[in-house]
Asks: 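Take a look at this one; I'll ask things after.
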Amino acid sequence: MNKAWPLLAACVAGSGCMVGPDFHRPAAPTDTKYTVAESPNGNERVPKFVEGADVGARWWRMLRCPALDSIVDRALAANPGLEAARATLRQNQDNLGAGYGVFFPQMDARAGVSRQHYNPAPGKLPSSTFNLFTLSGTVSYALDVWGGERRHVEALGAAVDAQKHALAGAYVSLTANVINTVIAEAAYRAEIDATRTTLALLSQQVRIANAQATAGTAPFANVLSLQSEVASTEATLPVLEQKVDQAADLLAALTGATPAAFAANLPSLWDLNTPDTLPLTLPSKLVRQRPDVLVAEAELHAANAEIGVATAAMLPNVTLSATYGVNNSSPGDLFASGSPFWSVAAGLTQPVFHGGTLYYQRRAAIEARNVAAAQYRETVLGAFEQVADTLRGLQHDGEALAAQIEAVETSERAARLVQANYQAGMGTYLQVLVADTQYLRAQLGYIEAAAQRLQDAVALYMALGGGWWNSPEATHG
């Protein structure tokens, strides 16, 4: 304790000390690429990647679909989750403002009235009963000798940063969810259209089979087989229609509307265009742009500051206070002939024995910082993993889409040929069923590949941070 007094005097005389470790922002990774494979631009079937390009604030306009832009704008204006994130940010900013109050003297005024009875020693003065009115003011100030309060405010500031980046994350997630839902809804409708096209072809084949059975050139079993295929294909429509309805209901919720009140001009799958070029942020910049990484960094900062708070709690605390007031038996005479009183005090509190509470609280704060540091590293690794997965997905999407286009063209020619042969009585109904099934499967595969390619492009924008830093609405509460 004797060694602490010189340090205490120096801190009081100077600007004050700050115990606990200072926060240093984690260094950015030194990686120069996201995968060990060749550059994604080596595949001519994928969009061109522009290394080092920035992500625009409204990157979804790269899909060149005005109807989609309108839906995203509605969601950004009315989504309740985004508004909750904005309100939480304002709450944390107010908490920070409240925390700054500790750096100023605390002033309080007090007015009181009491009725008292005075009974002196026997034989001295007569007893008396009187009213006592008191008016006083107190000023107190806690010297932040060890910087514990400054560390606490530092932690509050880090909480504001964390929520600011959480708001940016909500902005990015909302836009991605809206766009992916629009893509999914459009893909379901495209699948319904493809299924109905196949049903029209099957219905035509049923009429041909009926004609052949009536003419006695083919058994009636052919008709039944084709009708069974029609029924099986029709059974897939309610499932797809339910998915369309569910996607529309989700869009209603994302745009802040009830399903009954939601109305929008939803684009078709073919109204949405994969961008010709895609940005590819440098790995060193990724950790400075991803909202989840920045949230983890701010939480690490807050946990680091809490070590200083816990350390300061183990050291002496100095408080200064002064009180001045007047009292009198009549409120009207308080200032005229009141009895003034005053006091000036300085207090020092040194924790002596708390059963190890303060020691273990500091130990717990250190471990909380270690947890936050590990979680930060985990978040960074997850961010790099997501970008790498998306890049690989986009590389394979082009190949898959090309293969599906070829499958659709080949199966369509085969179906037409089998249809002509069957109509001429040169083919069997089994050939018709196989050709129709292959054609429908190829169409559905093409639709799925086209939708997946669009969603992987969206995933890349999201993995790179979503461009929130270029959008004021993503960071202001």
Side-chain angles (χ1 to χ4, degrees), residues 45-50 53-79 82 170-194 197 240-241 243-257 259 261-280 390-391 393-394 397-398 400-402 404-405 408 443-468 470-471 473-474:
R45 294 188 178 93
V46 302
K48 178 178 175 57
F49 291 91
V50 183
D54 197 14
V55 180
R58 297 185 176 273
W59 53 264
W60 52 87
R61 291 181 177 174
M62 297 288 288
L63 302 180
R64 304 188 297 280
C65 181
L68 173 65
D69 299 342
S70 175
I71 296 171
V72 174
D73 288 342
R74 289 173 58 179
L76 293 177
N79 180 264
L82 195 60
Y171 169 89
V172 173
S173 296
L174 174 62
T175 54
N177 287 340
V178 169
I179 297 167
N180 281 328
T181 304
V182 168
I183 294 171
E185 194 273 346
Y188 294 142
R189 282 191 286 116
E191 291 180 359
I192 290 174
D193 292 341
T197 300
L240 292 172
E241 289 168 348
K243 291 181 178 180
V244 168
D245 292 338
Q246 289 174 336
D249 294 343
L250 177 56
L251 282 175
L254 292 173
T255 56
F262 178 71
N265 178 26
L266 297 176
S268 72
L269 185 62
W270 319 119
D271 293 329
L272 302 162
N273 303 278
T274 302
D276 298 325
T277 61
L278 291 171
L280 189 56
T390 304
L391 290 175
L394 284 166
D397 287 342
L401 190 61
Q404 290 296 339
I405 291 174
V408 169
Q443 285 183 301
L444 297 180
Y446 170 65
I447 292 169
E448 180 180 348
Q452 186 63 53
R453 190 169 185 241
L454 284 167
Q455 290 185 329
D456 280 344
V458 173
L460 178 62
Y461 280 108
M462 185 178 180
L464 296 178
W468 62 269
N470 292 319
S471 175
E473 64 186 320

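Sequence positions, counted from 1, serve as the residue numbers for this chain. Everything quoted here is computed from the prediction, not taken from an experiment.
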Asks: Hey, what do you get for CE (Met62) to CG (Asp276), rounding to the nearest 0.5 Å?
Replies: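 It is 7.5 Å, given to the nearest 0.5 Å.
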
Asks: For the backbone of Gly256 and the side chain of Asn79, can you confirm whether one donor and one acceptor N or O come within less than 3.5 Å of each other?
Replies: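 Here the side-chain-to-backbone pair does not exist.
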
Asks: Work out which heavy atom in Ala176 is nearest to a heavy atom in Met462; give both atom names and the distance.
Replies: CB-SD, 3.5 Å

Asks: What residue among Val72, Thr255, Leu82 forms side chain to side chain contact (heavy atoms under 4.5 Å, CB included) with Leu174?
Replies: Leu82

Asks: As an exercise, state the distance from CD of Gln443 to CD of Glu191, rounded to the nearest 0.5 Å.
Replies: 10.5 Å

Asks: Can you find a heavy atom in the side chain of Leu464 that is under 4.5 Å from one in the side chain of Thr390?
Replies: no

Asks: So how far is it from Arg189 CZ to Leu269 CG, rounded to the nearest 0.5 Å?
Replies: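 If I round to the nearest 0.5 Å, the distance is 9.0 Å.
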
Asks: How about Val55 and Asn470: do any of their side-chain heavy atoms sit closer than 4.5 Å?
Replies: no

Asks: I'd like to check the ring pair (Phe, Tyr, Trp, His ring centres under 6.0 Å) partners of Trp59; sequence neighbours left out, ordered by chain and number.
Replies: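 Listed in chain order: Tyr461.
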
Asks: State, to 0.1 Å, how close Pro267 and Val182 come at their nearest heavy-atom pair, and which atoms those are.
Replies: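 Taking Pro267 first and Val182 second, the nearest heavy atoms are CG-CG1, 3.6 Å.
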
Asks: Using the test side chain to side chain donor-acceptor pair (under 3.5 Å), find all partners of Arg58 that sit at least two apart in sequence or belong to another chain.
Replies: Asp73, Glu473

Asks: So, using ring pair (Phe, Tyr, Trp, His ring centres under 6.0 Å) as the criterion, who are the partners of Tyr446 when residues are at least two apart?
Replies: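 If we apply the ring pair (Phe, Tyr, Trp, His ring centres under 6.0 Å) test to Tyr446, skipping adjacent residues, the hits are Trp270.
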
Asks: Looking only at atom types and distance, does a side-chain atom of Gln455 sit under 3.5 Å from a main-chain N or O of Asn180, one as donor and one as acceptor?
Replies: yes

Asks: If you count heavy atoms of other groups shown closer than 6.0 angstrom to CD of Glu448, is the number above 12?
Replies: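 Counting neighbours around CD of Glu448, 12 or fewer heavy atoms of other residues, nucleotides or ligands fall under 6.0 Å, so no.
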
Asks: State which residue, out of Ile179, Val458, Leu68, fulfils the side chain to side chain contact (heavy atoms under 4.5 Å, CB included) condition with Leu272.
Replies: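 When side chain to side chain contact (heavy atoms under 4.5 Å, CB included) is applied between Leu272 and each of Ile179, Val458, Leu68, only Leu68 qualifies.
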
Asks: Working to the nearest 0.5 angstrom, can you tell me the gap between Phe49 CZ and Leu391 CG?
Replies: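 Answer for the CZ-CG pair, Phe49 versus Leu391, is 5.5 Å.
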
Asks: Give, for atom OG1 of Thr175 and atom CG of Leu76, the distance between the pair rounded to the nearest 0.5 Å.
Replies: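 Here the interatomic distance stands at 7.0 Å.
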
Asks: Looking at every non-hydrogen atom in both residues, tell me the closest pair between Asp249 and Pro259 and how far apart they are.
Replies: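 Looking at all heavy atoms of both residues, the shortest contact is OD1-CB, 3.4 Å.
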
Asks: Calculate, to the nearest 0.5 Å, the distance between atoms CG and CD1 belonging to Asp456 and Ile183 respectively.
Replies: 9.5 Å

Asks: If you look at every heavy atom in Pro275 and Arg64, which pair is closest and at what distance?
Replies: CA-NH1, 4.3 Å

Asks: In the structure I gave you, are the side-chain heavy atoms of Ile71 and Leu266 within less than 4.5 Å of one another anywhere?
Replies: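 Result yes, sub-4.5 Å side-chain heavy-atom pair found.
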
Asks: Looking at Leu254 and Ala75, what are the two nearest heavy atoms and their distance?
Replies: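 Closest pair (atom of Leu254, atom of Ala75, distance): O-CB, 3.5 Å.
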
Asks: Ignoring hydrogens, what is the shortest heavy-atom contact between Ala194 and Ile447? Give both atom names and the distance.
Replies: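 Scanning both residues, the minimum pair turns out to be CB-CD1, 4.1 Å.
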
